[in-house]
Amino acid sequence: MTTLNPQQRAAVRYIDGPLLVLAGAGSGKTSVITRKIAWLIEECGYEARHIAAVTFTNKAAREMKERAAQLLKDRSAKGLTVSTFHNLGLNIIRSSASLLGRKSGFSIFDADDSQVLLKELMLRGDDLDPDLLDMVKHQISAWKNELLSPQQVMGQAENAREVAMAHLYERYQQALKTYNAVDFDDLILLPVELFQTHPEVLEKWRRRIRYLLVDEYQDTNLAQYRLVKLLVEPRRRLTVVGDDDQSIYAWRGARPENLVQLQEDFPELQIIKLEQNYRSTARILRSANHLIDHNPHVFSKSLWSELGLGDPIRIIRSPNEEAECERVVNEILDLRLKRRCQFRDFAVLYRGNHQARLLEMKLQAQGVPYQMSGGTSFFARQEIKDLLGYLRLIINPDDDNAFLRIINTPRRQIGPSTLEKVAEYANQREISLLKAIGEFGLQSQLGEQPWDHLQRFKHWFEGIVRQCSGDNPIDAIHRLLDDIDYASWLHQNASSARVAENRMANVLLLVDQLRNSLARMDDDDDNAMESAISKLLLRDLMERQEEESADDKVHLMTLHSAKGLEFPHVFMIGMEEGLLPHRVSIDENNIEEERRLAYVGVTRAQRTLTLTLTASRKQFGETFQTIPSRFIDELPEADIEREGFGESNEETRRTRARESLDALKDLFA
DNA sequence: CATCGTATAGTTTTT
DNA sequence: CTATACGATG
């Protein structure tokens with residue numbers, strides 16, 4: 001076990017009141033949290049089940065849980081809560097679902113589900129232009145994160161559009177309730193509402209959670225802050241760890257000012273700074289400090305390290321994005337040999353997920369194993385959404401969204417016109433679609449064929465549901481896939497057999513994860529299936545799978561998902577104006593957050609850091625000249641090494657040769 | 001009701 | 001340029 005430095009030790013041992021730990025990048029904040037958990041249990045007499053640690057990502061939660069369990073030598077870790085905000089919220093909601101107008105088995109709508117629902121409501125309402133969908137969904141989410149109810153929003157609406165949006169918000173919330181569903185924002189919002197309206201429930205949770213630790217505190221939004229505050233009052237046994245320089249979720253409602261707010265709300269707040277970095281070389285750290293110095297600061301800190309000077313930061317400019325990706329791959333292969341390190345020691349970070357596509361191609365071309373985390377996730381895939389649709393409907397017959405998703409997948413000769421009538425009938429009777437197709441009152445509304453098709457589906461589905469509530473739900477799901485001949489359906493729709501098989505493999509993987517998840521749960525849990533599916537919907541399980549199979553592979557991920565991680569060798573690609581900082585952020589004047597994003601990227605690196613960019617980039621078929629990111633100019637000149645910038649004859653010639661070669665390639669392609 | 005075609009839009013991050 | 005959405009046709 002490593003020894004803690006004096007600041008870390010103080011942070012672990014201070015338990016007399018609320019504590020804010022300002023932890024710079026790589027300063028060992030996870031150690032502080034896990035060691036504090038152990039300290040509370042071993043030295044302060046807390047039982048594990050009375051301690052909760054909350055983070056933002058599943059990944060962080062898992063790592064923390066693992067490290068805590070290690071420290072406690074799997075003795076007393078049982079009952080310890082280490083989870084994401086959303087997961088904690090889910091558990092709170094589940095324990096009092098009926099008070100919130102939900103029944104057990106309620107669905108969790110993801111961003112797509114919410115969008116589908118909102119669109120539907122907008123089309124039906126027709127007082128809002130459907131083109132505003134993007135704006136509206138963002139607005140509603142923002143309201144929820146600000147804990148504003150539809151009524152409150154209505155009260156402060158200033159024009160017709162705002163009234164219409166407030167109205168839509170209300171209908172949206174009502175629809176979720178009708179569908180027995182909650183969306184991601186509700187996972188925080190509803191617990192707060194619950195606590196505010198049912199003090200006895202709050203009291204129960206306060207007795208349960210007697211010490212609360214919050215990680216990445218700078219990412220909390222108002223709703224999350226309120227939840228924390230409700231839980232820790234009046235005893236105020238709270239430790240939060242954060243770094244305002246790593247706040248990169250303002251767009252999601254995160255408020256770094258919560259760090260300051262904390263001081264006002266808890267005047268007795270103690271603050272401890274962790275400034276020693278245990279991760280990066282001096283050059284990397286100096287670059288990071290230099291970069292972030294261009295931002296204003298609430299709390300100033302200066303990171304230092306004892307790990308030696310290290311290599312200069314390399315900045316490589318390539319003629320175009322293809323060359324850029326090829327170059328990165330070559331650098332990885334090269335470094336791997338020179339430094340005798342493994343593929344897993346490398347990470348390539350980028351601003352947007354789409355940047356990974358080309359990279360993937362080039363990695364594949366060279367046979368370099370890689371792993372993309374986060375990515376255009378698993379859950380955006382058709383096949384996964386199909387299966388989740390079925391699963392959701394099995395545990396929640398009111399989930400009309402799920403019903404609509406799967407009713408005609410694969411084809412059951414049940415089309416839009418039929419569904420229109422079903423929906424109308426269901427609406428009038430105020431029942432769910434699934435229920436509606438079982439009622440004879442509907443029969444007269446439909447032709448003979450559509451009715452028969454619906455009945456066949458209904459009987460079949462009821463059989464599946466019945467089998468699912470039996471001893472072996474996994475068998476039931478396999479039967480389901482068998483019955484609908486899903487493999488054939490995929491083959492029919494895919495461009496190639498390979499793609500189809502891949503998709504089927506994804507589906508089976510998901511089922512397998514579900515089985516594992518069920519096996520891990522208590523046998524006496526009646527709601528095991530529901531819990532397991534919730535886990536799926538909160539996107540926990542598949543990531544877990546990724547990690548467990550993460551052997552020796554290069555890591556590919558966005559700058560956002562890289563937060564909290566570290567790698568010996570880091571590449572940041574696309575260091576151009578418009579990409580990082582992103583165009584939208586430039587337009588909206590959010591340069592500071594982009595800079596923090598760059599800072600997060602830089603501080604992931606332990607040994608070497610390479611930034612790459614292109615001279616020109618293709619966009620919508622046209623080629624544009626690019627401008628190097630302003631952040632490059634914000635690095636200390638003494639610590640960087642540029643390549644591809646000089647306009648030496650030699651390089652220009654090579655570039656030209658390269659370009660004409662590419663042009664030729666295009667010509668023949 | 002399904003399939004095929006054309007038109008059009010699209011710039012970012014996540015639980 | 002590509003992915004998706006919508007509309008026309010079979």
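First the proteins, then the strands, lettered A, B, ... as listed; each starts at 1.
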Subject >> Among A/Gln625, A/Glu324, A/Glu622, the one residue meeting side chain to side chain donor-acceptor pair (under 3.5 Å) with A/Arg617 >> reply: A/Glu324
Subject >> Nearest heavy atoms of A/Phe195 and A/Leu227, plus distance in Å >> reply: CE1-CD1, 3.7 Å
Original post:
What is the minimum heavy-atom distance between A/Thr603 and A/Val600, and which atoms define it?
Top reply: OG1-O, 3.0 Å
I need the [atom1]-[atom2] distance between [X] and [N], as an integer number of Å.
X        : N      : atom1 : atom2 : value
A/Leu597 : B/dT12 : CG    : P     : 14 Å
A/Asp134 : B/dT13 : CG    : P     : 13 Å
A/Glu622 : B/dG10 : CD    : C1'   : 14 Å
A/Leu187 : B/dT14 : CG    : C1'   : 13 Å
A/Lys144 : B/dT15 : NZ    : P     : 18 Å
A/Leu579 : B/dT13 : CG    : C1'   : 13 Å
A/Arg617 : B/dG10 : CZ    : P     : 21 Å
A/Arg62  : B/dT15 : CZ    : P     : 10 Å

**OP:** Identify the residue among A/Phe184, A/Tyr217, A/Phe56, A/Tyr249 that makes a ring pair (Phe, Tyr, Trp, His ring centres under 6.0 Å) with A/Phe85.
**Re:** A/Phe56
Original post:
Is there a donor-acceptor contact under 3.5 Å from the side chain of A/Asn221 to the main chain of A/Gln224?
Top reply: yes
Original post:
So, does A/Thr55 use its side chain to make a donor-acceptor pair with the main chain of A/Asp215 at under 3.5 Å?
Top reply: no
Below 4.0 angstrom from OP1 or OP2 of [N], is there any side-chain N or O of [X]?
X        : N      : answer
A/Thr57  : B/dT14 : no
A/Asn87  : B/dT15 : no
A/Asn408 : B/dA2  : yes
A/Asn58  : B/dT14 : no
A/His354 : B/dT11 : no
A/Thr418 : B/dC1  : yes

**OP:** For salt bridge (charged side-chain N to carboxylate O under 4.0 Å, His left out), just list the numbers for A/Glu146 and A/Arg255, CA-CA rounded to whole Å, side-chain angles, deciding distance to a tenth of an Å, and then say yes or no.
**Re:** CA-CA 11 Å; A/Glu146 294 288 308; A/Arg255 294 186 177 184; 2.5 Å; yes
Subject >> Pairwise 5' ranking along DNA chain B for A/Gly578 and A/Phe56, keeping only the more 5' one >> reply: A/Gly578
**OP:** Between A/Glu593 and A/Gln413, just flag the one whose closest nucleotide in DNA chain B comes earlier from the 5' side.
**Re:** A/Gln413
Which part of the nucleic acid, if any, lies within reach of [X] when heavy atoms closer than 4.0 Å are counted: base, sugar-phosphate only, or nothing?
X        : result
A/Ile414 : sugar-phosphate
A/Phe85  : nothing
A/Lys119 : sugar-phosphate
A/Asp587 : base

Original post:
Going by ring centres under 5.5 Å and near-parallel planes (under 30°), is A/Trp251 stacked on B/dT13?
Top reply: yes
Original post:
Going by ring centres under 5.5 Å and near-parallel planes (under 30°), is A/His582 stacked on B/dT12?
Top reply: yes
Name the closest nucleotide to the [X] side chain, picking from [options].
X        : options                : answer
A/Arg583 : B/dT12, B/dT14, B/dT11 : B/dT11
A/Gln619 : B/dT11, B/dT15, B/dC1  : B/dT11
A/His560 : B/dT11, B/dT14, B/dT12 : B/dT14

Identify each atom pair where a protein N or O and an N or O of nucleotides 3-8 of chain B are less than 3.5 Å apart, giving names and distance.
none

Subject >> Donor-acceptor side-chain pairing of A/Ser585 and A/Glu593 below 3.5 angstrom >> reply: no
Original post:
Just by distance, with hydrogens left out, do A/Gln218 and A/Glu216 show a side-chain donor and acceptor under 3.5 Å apart?
Top reply: yes
**OP:** Would you please classify the geometry between the A/Phe109 ring and the A/Tyr179 ring as parallel, tilted or perpendicular, with 30° and 60° separating the classes?
**Re:** tilted
Original post:
Can A/Lys144 and A/Gln173 be said to form a side-chain hydrogen bond (donor to acceptor under 3.5 Å, both in side chains), step by step?
Top reply: CA-CA 10 Å; A/Lys144 288 186 162 194; A/Gln173 288 300 77; 2.8 Å; yes
Rounded to whole angstrom, note down the [atom1] distance from [N] over to [M].
N      : M      : atom1 : answer
B/dT13 : C/dT4  : P     : 15 Å
C/dA3  : B/dT14 : C1'   : 22 Å
C/dC6  : B/dT11 : P     : 16 Å

**OP:** Could you pull out all residues at least two apart from A/Glu193 that satisfy salt bridge (charged side-chain N to carboxylate O under 4.0 Å, His left out)?
**Re:** none
**OP:** Please find the earliest and latest nucleotides of DNA chain C, in the 5' to 3' direction, that have an atom within less than 4.0 Å of any heavy atom of chain A.
**Re:** C/dC1 to C/dC6
